Structure formats: C-alpha cells, structure tokens
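Note that the structure is a prediction, hence the values are computed from the model and not measured. Just follow the structure's listing: the first ligand is 1, and inside any ligand the first atom is 1.
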Amino acid sequence: MAANPISWLLGLFSLDIGIDLGTANTLVNVRGKGIVINEPSWVVVNKRTKETEYVGATAKEMVGRTPINYIAIRPLRDGVISEFEITRAMLEYFIGKVHQQTIVPLPQPRVAVGIPSGATQVERHAVYDAAMAAGAREVMLIEEPRAAALGAGLPVKEVKGTMIVDIGGGTTEVAVISMGDVAVSRSLRVAGDELDVDIVQYIRNKYNLLIGERMAEQTKITIGSAYPLQSEQTMTVRGRNLVTGLPATIEVSSVEIREAISASIQVIVDTLKDALDEVPPELISDLLDTGICLAGGGSQLLGLVPRLREELNLRVWIADDPLTCVARGAGMVLEDPNAYRKFIVNLDNVHS
Ligand code: ADP
Ligand code: MG
C-alpha cells in the first residue's frame, strides 16, 4: 500500500476506523480519538419502502413500540449478516456519523471490522462488501476473538499461550492464541440473548406471565448469576398475565433466575471444557500461568468468574472495559497492519 503514492497520500488525511460489528452493540474506534460511537446494533425499517430509517440508539428506543408500517430488527442477531442491505445501511450510518464529527471533508476511510470466527465465507464476503458499499476505501476483516485478545492486552504474539472468551449477545467466541495464531477455537451461538430467552420462558412457565425481551435482559443484568450469591436478591418484573390477559407484576429471586439460565450457562461451561480438552499439553501448562480472560457484555454476569474458576480449575478474570476490547483491538491492527498481518482474515477472490 505504501508503495502506491496516491494511497499513501490519502492515508495521511483519511480516517482509520475500527468497527466492532456486534450482535448487540456496534462500537466505532477512530485512530487517535478512541471509541467515538457505542450504539445498539438495531435498525428500524419501513416495511413499505424497505428503507432503513433509524439506526442505533434511536432504533432500539423504538423496539416494541414501532408503528404498524415499521419493523425493528437486529441484522446481526446470530453474529452473522442476516440482512445484507440493512447491515450496509447500518455501517453507512456509523461511518457517516464519524465523518460528520470532522470539520473538513475527508477521503474515504480505511476500515477494520471484527467478525465472528464462525462466520462462513459467504458471511465474510457480505461484511466486506457491506463495508465497501458503505464508503470504505479499504476493508480489513479481523476475527473477533483475536481482536478481543489484542484489545484486552493479552500477549498474543508471544510463544506462551493465552485464552480469550468473548461472551456477546448472539455468540460466545473462544480462542487459545499463541504466537499470533489460534491453536484452538470455538464459536458458540449461545450467549447473552439466549439467557434472556431462558428467562422469558421460565417466567411464562412458572407464573403464566409473559414478559418482554428487554424486561428479561434487565432481570438478567440485575439479579442473574452463574454462582450462588453472597446475599440472594429479588426483583419485581412486569408483564402480561396469560390467563387474565391483564398487566401484572411478580417478585422473582436471583435463585430462580439462576435456575432459569443454568442450562445455557452449562452449555457455555461445557464448550470451554471441550476447547480445553483439545489444547496441547504445552499450551495447557501456559494457561495455568496466564489463565482465561473474559470479554464482552456477557462476561459481566454475576458469579461467572467464580463459576468458571471452579469448573475449569484455572485463573479467570474479566478484561478492563470488557465491552470495548474488540473495537480497541481492531484499532490496534489499523495502527500497524504489518505487525498484525496474521490477524487479518485472508479473503480469497474478493470481489467488490
Ligand atoms: P455483541 O458483541 O454481540 O454486540 P456485547 O459484547 O455488546 O455483545 O454484549 C451484549 C450482551 O451482554 C447482551 O446480551 C447483554 O444483555 C449482556 N450484558 C451486558 N451487561 C451485562 C451484565 N452486567 N450482566 C450480564 N449480561 C450483560
Ligand atoms: Mg462482540
């Protein structure tokens, strides 16, 4: 790239933008500025015109309250591009917003986007194409667990193995990394969202009360846990009684919510055990020193750290600022793409 004087000149004036295109939240990291956008990955589409009309925080506000002609969607719900056009519109909105924050018009930006390691080749191309279509000059794709490990400050380029577990909304990404390469990885479609669904089902079955997804998420964040709490808590939840059809409130306890989400938590634990089972002996001995670093919003679930410590017999800790690791890692790759060449996904036969 530097060999081409025009792109070198463009590079001096254009922005380098690292994007964490999360299933729940999209973060944008601008080189030299840090995280400038952190908004929900929601869009509101006009059903008639198929146009994307609202994106991000405004769109999430409208969830469950949209007028009849509109529909609120999360295009990346399962960690993949389910709706190409909408994802493009969303990226365009975020990239445009960054550009609006600058005073002078700038050339098209260079963009690094984090994608789930389980994404198929078709999905990777879709993200690449969406970012190009959204106005990027150059697009690099980075596997999310590697970006997360970088952003978490793990010594990913050393010979010693380290392990990252990124629990987002739609996916849990697991990777054991050594010398910049992924030795063992897992991409599981059980993460924060699934816990919300579990809570909705549990409360419906036990109390005949139908609660919304956002109420369930709030319950999970407030009193959900993966390990007995020192003092168990209760919370009031609101919903609709399925027998009377009328609004109703009930008290639920942290013990109940732990039970509600226990099967999904166990799936995550078992996936980690399964991944560890595959780690070669030398690297396992490294992990005894380095432990397991957690990132992503789901890592903040109460009691997850002691639960994993007990089940996996390793040191477990949460990265600083766990929700921004991927965006910060993507920013690090942009700052020095040559140093992190191994971190950039090689898209063969990319067409744009
Ligand atoms: P993604 O990378 O998929 O966009 P995030 O890393 O932004 O996901 O994490 C979003 C998920 O984290 C959501 O399911 C949200 O409910 C969950 N979450 C956020 N904070 C907490 C918390 N304190 N406890 C448990 N879960 C949380
Ligand atoms: Mg994420």
Step-by-step side-chain contact (heavy atoms from CB on, under 4.5 Å) determination, L334 to M140: CA-CA 9 Å; L334 275 172; M140 295 172 216; 3.9 Å; yes

Geometric cation-pi criterion, K60 with Y54: 6.0 Å, 45°: no

Geometric cation-pi criterion R307 and Y227, 6.0 Å radius, 45° cone: no

Under-4.0 Å heavy-atom contact with ligand 1, by part of T26 that carries it: neither

Ligand 1 contact on Q300 by region, counting heavy-atom pairs under 4.0 Å: both

Minimum-distance pair of heavy atoms, taken over all atoms of I211 and G239: CG2-CA, 4.1 Å

Heavy-atom closest pair, residues G212 and V200: O-CG2, 4.2 Å

Identify the closest protein heavy atom to [atom]: which residue and atom is it, and at what distance?
atom                    : answer
atom 5 (P) of ligand 1  : G297 N, 3.7 Å
atom 7 (O) of ligand 1  : N25 ND2, 2.8 Å
atom 15 (C) of ligand 1 : E217 OE2, 3.1 Å
atom 10 (C) of ligand 1 : A24 CB, 3.6 Å
atom 2 (O) of ligand 1  : G22 CA, 3.8 Å
atom 8 (O) of ligand 1  : G169 N, 3.1 Å

Under 4.0 Å to a heavy atom of G296 - the qualifying atoms of ligand 1, by number: 6 (O)

Enumerated ligand 1 atoms positioned under 4.0 Å from heavy atoms of G192: 14 (O)

Flag, side chain of T234 to backbone of S253, donor-acceptor distance under 3.5 Å: no

Shortest heavy-atom approach to atom 3 (O) of ligand 1 - which of L21, L27, T23: T23

Any donor-acceptor N or O pair under 3.5 Å, side chains E51, N46: no

E173 bridged to R189 by N-O distance under 4.0 Å: no

